[in-house]
Trainee: 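Structure incoming, see below.
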Amino acid sequence: MKIDILSLFPEMFDGVFHSSIIKRAQEDGKVEIQIHNFREFSLDKNKKVDDTPYGGGAGMVLKCQPIFDCVESLRTEKSKVILLTPDGVPYHQKMAYDFSKEEHLIFICGHYEGFDERIRTLADYEVSIGDYVLTGGEIASMVLVDSIVRLIPGVIEEESHLQDSFRDGLLDYPTYTKPANFRGMEVPEVLLSGNHQKIDEFRKEMMYNRTKERRPDLLK
Ligand code: ADE
């Protein structure tokens, strides 16, 4: 998979994309990630990327030209363009699975007070990571990239994400490791029993109970 990210702050991605599983996925050639500072595409003599809003109001608005030119330099018929914005569709695991099957994703990170409405016409998807406003789309795009890249075949053991929370629309079951008793807190007996049918039943029950208790909205 190829991922291109349009951002005015490429340095924000350094730590996240150069550590852990995302780093290894790039080294193993499972994904190629490039950050593009769309300021470089500005045709303005001072490389301006924003301007005051028509009709007045506070703050500066990202202009169309640099973002259109940058996207058009990257886009092919196989690309999907994702615009990160708090008024987008709420992100969830099913979208991560669907995006992980694409060949080429282009993320547009908005910043400052907002972006020219016409920039939306570039996007195949508008996505929000939650009902709060971030200073820009950078952190949101990192959230998407992380959740998508781990689902690319071979990036993590398939078994790990077969058990993910949300996979069957339910939260994950609780897991334990040694010791069996830590400060008086015991591992459930059934997990020590070696009876795999019983263990499966226990886990399914825990998934259902935990979802009912914490996220009843998922059961609807
Ligand atoms: N940009 C600013 N806030 C955002 C959010 N909640 N989701 C996606 N992009 C954003």
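We count ligands from 1, going down the list as the structure has it; atoms in each ligand are counted the same way. No hydrogens, no waters, no symmetry mates; every other heavy atom, side chains included, goes into these values. Count residues from 1 along the sequence.
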Trainee: Using distance alone, with no hydrogens and no angle criterion, decide if T85 and E126 have a side-chain donor and acceptor under 3.5 Å apart.
Mentor: no
Trainee: Given E201, which partner from the list R203, Q197, K198, K204 fulfils the side chain to side chain donor-acceptor pair (under 3.5 Å) test?
Mentor: Q197
Trainee: Can you tell me how far the CD1 atom of I106 sits from the CD atom of E72, to the nearest 0.5 Å?
Mentor: 10.0 Å
Trainee: Considering only residues two or more places apart or on different chains, which pairs with a residue in residues 84-94 satisfy salt bridge (Lys or Arg N to Asp or Glu O under 4.0 Å)?
Mentor: D87-R120, K94-D98
Trainee: Anything under 3.5 Å between an N or O on ligand 1 and a protein N or O? List each pair with its distance, or write none.
Mentor:
residue  : atom  : partner : partner atom : Å
ligand 1 : 3 (N) : L134    : N            : 3.0
ligand 1 : 6 (N) : G130    : O            : 3.2
ligand 1 : 6 (N) : Y132    : O            : 2.8
ligand 1 : 7 (N) : I129    : N            : 3.0
ligand 1 : 9 (N) : T85     : N            : 3.2

Trainee: Using side-chain contact (heavy atoms from CB on, under 4.5 Å) as the criterion, list what pairs up with E40, not counting sequence neighbours.
Mentor: N37
Trainee: Which residues satisfy the side-chain contact (heavy atoms from CB on, under 4.5 Å) test with E157, sequence neighbours excluded?
Mentor: S160
